[in-house]
Amino acid sequence: MEPRCLSDTGSIVKLSSFAILLVFLLSCFSFTSTEAYDALDPTGNITIKWDVISWTPDGYVAVVTMFNFQQYRHIQTPGWTLGWTWAKKEVIWSMVGAQTTEQGDCSRYKGNVPHCCKKDPTVVDLLPGTPYNQQIANCCKGGVMNSWIQDPANAISSFQISVGAAGTTNKTVRLPKNFTLKAPGPGYSCGIAKIVKPTRFLTADKRRWTQAMMTWNVTCTYSQFLAQKTPTCCVSLSSFYNETIVSCPTCACGCQNNATDPGSCVEPNNPYLASAVSGPGKSTNAPLVQCTSHMCPVRVHWHVKLNYKEYWRVKVTITNFNYRMNYTLWNLVVQHPNFDNLTKIFSFNYKSLTPYAGLNDTAMLWGVKFYNDLLTQAGPLGNVQSELLFRKDASTFTFEKGWAFPRRIYFNGDNCVMPPPDAYPWLPNSSPKQVISILHPAIAIFVSLLFLLAYA
């Protein structure tokens with residue numbers, strides 16, 4: 001049905017001014033969200049800092065550093081790709097810690113040949129194991145950058161560049177233009193380079209400060225809509241008080257279409273599964289998902305498991321349906337109003353996210369190192385799970401109307417498709433609002449610990 005503006009003025013008069021405004025906005029306007037602004041990480045970005053550390057006869061030497069200031073979004077294999085356009089006729093004489101993908105036409109140079117002569121160079125990080133004489137600090141990780149909260153020590157990537165045919169003073173240097181960042185695909189939009197206060201460096205003996213000759217910054221922000229037109233994950237729900245299992249919405253991440261797109265998914269018992277996994281698309285990390293009604297590479301299941309007198313318990317399971325992807329250092333961001341009363345979490349790491357002061361309803365969850373921080377590809381081992389124990393707040397807690405289920409879930413920084421609210425498992429009409437478990441919380445925790453130790 002097409003939205004129509006209200007025409008019954010008699011009914012509008014009876015509404016409050018706030019209700020009139022709300023109904024008008026909802027009935028007369030239609031917005032298309034591009035997910036360009038992340039309300040749970042409003043200041044998250046990748047900042048590129050370009051420090052000119054010395055002048056050369058025909059240009060300068062600079063250290064380029066990228067900082068991933070995003071709280072929970074990281075750059076996975078095959079890593080970042082950075083590009084720009086030179087303002088004049090600059091060339092790259094040499095690089096340390098990174099390289100350009102193409103050299104370009106350097107035929108006008110005799111003797112020493114530049115590393116790259118392209119007007120619009122494309123730079124990639126070097127791989128782990130690079131010889132030490134080709135490394136600088138924070139380089140050579142294959143372009144992988146972890147999120148700021150999950151692993152701040154590896155949220156930085158750097159390389160050194162020697163630029164020729166450029167200015168040799170602050171007044172003659174021209175800033176590069178049209179910065180692009182792929183991580184590894186599209187999704188990031190970069191602003192223009194801006195000159196900022198020169199960076200100061202502390203020497204190794206920590207007794208002297210040095211300063212860059214010139215510094216400029218570039219800020220790149222992420223848009224899920226630009227990164228991928230279709231979602232990458234979905235959410236399913238269930239509860240102990242209702243036999244209904246609410247599956248991911250049908251076609252949440254795409255639909256099976258064997259007529260026009262054969263091979264878009266594969267059945268787990270397909271005898272040609274092994275050849276399909278290693279076949280075309282493997283080198284580009286093109287997803288090969290298990291055939292499901294939702295067709296999402298990842299599904300997050302939220303199960304309301306138990307209800308005690310003063311606590312309630314949830315089980316979270318993340319399942320990988322992608323046969324071509326291992327999610328290293330995965331993370332989950334969940335928004336629920338009871339996270340300010342989280343008492344215990346088993347086998348996951350946890351950090352509270354407070355994007356807005358005084359509002360503690362968002363949590364970041366990720367795996368324990370060397371235990372479940374790797375979500376392996378689709379198959380019997382392609383899942384991780386944990387349980388969360390919440391203390392009840394008598395003023396807000398209820399199982400009615402889907403309150404016990406999350407408002408929003410992100411996987412690796414991408415917003416997952418939620419089921420429609422009217423499909424959430426509700427309390428049966430004849431059941432009491434409080435269904436209490438006979439197990440004492442302390443006993444339940446003890447039993448869970450024994451279970452985890454037995455299978456550790």
Side-chain angles (χ1 to χ4, degrees), residues 19 22 26 40 231 233-252 292-294 296 298-319 332-348 350 352 359-363 365 383-411 415-448 451:
L22 180 61
L26 292 176
L40 301 184
C233 57
C234 65
V235 178
S236 58
L237 309 170
S238 63
S239 65
F240 72 91
Y241 54 78
N242 194 315
E243 294 181 355
T244 302
I245 298 177
V246 180
S247 302
C248 286
T250 303
C251 294
T292 59
S293 61
H294 53 78
C296 291
V298 172
R299 181 191 67 195
V300 181
H301 185 75
W302 179 280
H303 175 63
V304 180
K305 185 176 181 180
L306 289 170
N307 182 32
Y308 312 109
K309 182 177 180 180
E310 297 181 358
Y311 301 88
W312 62 293
R313 193 180 185 97
V314 168
K315 182 177 180 179
V316 177
T317 305
I318 308 170
T319 305
L332 202 67
V333 174
V334 184
Q335 189 176 39
H336 190 283
N338 211 182
F339 267 116
D340 57 349
N341 290 313
L342 180 65
T343 302
K344 182 69 176 178
I345 183 169
F346 305 92
S347 74
F348 282 176
Y350 159 80
S352 173
L359 185 62
N360 182 18
D361 67 347
T362 307
L365 313 175
N383 68 87
V384 292
Q385 57 188 8
S386 183
E387 296 190 5
L388 293 76
L389 187 67
F390 296 95
R391 179 184 293 275
K392 294 180 181 177
D393 183 346
S395 63
T396 58
F397 176 80
T398 179
F399 280 134
E400 290 187 324
K401 300 179 181 178
W403 183 91
F405 298 103
R407 307 325 187 232
R408 187 184 307 183
I409 288 183
Y410 288 8
F411 177 79
N415 202 354
C416 299
V417 178
M418 299 288 296
D422 59 354
Y424 284 19
W426 283 24
L427 280 171
N429 292 333
S430 59
S431 69
K433 297 180 181 179
Q434 298 277 338
V435 183
I436 308 297
S437 170
I438 60 173
L439 286 177
H440 189 276
I443 298 176
I445 293 173
F446 180 73
V447 172
S448 299
F451 178 81

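All values below were derived from every heavy atom in this structure, side-chain atoms included, with hydrogens, water molecules and symmetry-related copies excluded. Since the model is a prediction, treat every value here as computed from it, not as a measurement.
The aromatic rings of Tyr424 and Phe405 lie perpendicular to each other, with more than 60° between the two planes, well past the 30° mark.
The shortest distance between side-chain heavy atoms of Leu388 and Phe348 does not fall below 4.5 Å.
Thr343 meets the side-chain hydrogen bond (donor to acceptor under 3.5 Å, both in side chains) test with no other residue; sequence neighbours excluded. With sequence neighbours excluded, no residue satisfies side-chain hydrogen bond (donor to acceptor under 3.5 Å, both in side chains) with Thr319. Among residues two or more places apart in sequence or in another chain, the side-chain contact (heavy atoms from CB on, under 4.5 Å) test is passed with Ser247 by none. Remark: Asn341 engages no residue in a side-chain hydrogen bond (donor to acceptor under 3.5 Å, both in side chains) (not counting sequence neighbours). In this structure, the side-chain hydrogen bond (donor to acceptor under 3.5 Å, both in side chains) partners of Asn242, at least two apart in sequence or on a different chain, are Thr244. By the side-chain contact (heavy atoms from CB on, under 4.5 Å) test, Pro231 pairs with Cys253, Val417, sequence neighbours left out. Scored by the side-chain contact (heavy atoms from CB on, under 4.5 Å) test, Trp403 finds Trp312, His336, Pro337, Asn338, Thr396, Phe397, Thr398, Arg407 as partners (sequence neighbours excluded).
The heavy-atom pair separating His294 from Pro249 by the smallest distance is CB-O, 3.6 Å. The minimum heavy-atom distance between Val246 and Pro425, with the atom names listed, is CG2-CD, 3.6 Å. When every heavy atom of Leu389 is checked against every heavy atom of Tyr311, the shortest pair comes out as CD1-CB, 3.9 Å. When every heavy atom of His303 is checked against every heavy atom of Ser238, the shortest pair comes out as ND1-OG, 2.7 Å.
Within the model, atoms OH of Tyr410 and CG of Asn415 stand 4.5 Å from one another, a figure rounded to the nearest 0.5 Å. Atom-to-atom distance recorded for Ile318:CD1 and Phe411:CZ is 6.0 Å, nearest 0.5 angstrom. Taking NE2 of His301 as the reference point, atom CD1 of Ile409 lies at 10.5 Å (rounded to 0.5 Å). To the nearest 0.5 Å, atoms CG (Asn307) and CZ (Phe390) are separated by 13.0 Å.
Side chain of Ser293 to backbone of Cys248: no donor-acceptor contact under 3.5 angstrom is found. Remark: the backbone N or O of Tyr308 is paired with a side-chain donor or acceptor of Lys392 at under 3.5 angstrom.
Of the listed residues (Ile245, Val314, Leu427, Val304), just one forms a side-chain contact (heavy atoms from CB on, under 4.5 Å) with Ser239, and that residue is Val304.
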Item to complete: Would you sort out whether Leu306 and Phe240 count as a side chain to side chain contact (heavy atoms under 4.5 Å, CB included), showing the intermediate values?
Response: CA-CA 7 Å; Leu306 289 170; Phe240 72 91; 5.7 Å; no
Worksheet item: Step by step, would you call Asn360 with Ser352 a side-chain hydrogen bond (donor to acceptor under 3.5 Å, both in side chains)?
Response: CA-CA 7 Å; Asn360 182 18; Ser352 173; 2.4 Å; yes
Worksheet item: Is there a side chain to side chain contact (heavy atoms under 4.5 Å, CB included) between Trp426 and Tyr241 once you walk through the steps?
Response: CA-CA 8 Å; Trp426 283 24; Tyr241 54 78; 5.7 Å; no
Discussion item. I'd like to know whether Cys416 forms a disulfide bond (SG atoms under 2.5 Å apart) with Cys233, so could you lay out the CA-CA distance, the side-chain angles of the two residues, the decisive distance to 0.1 Å, and finally the verdict.
Written reply: CA-CA 5 Å; Cys416 299; Cys233 57; 2.0 Å; yes
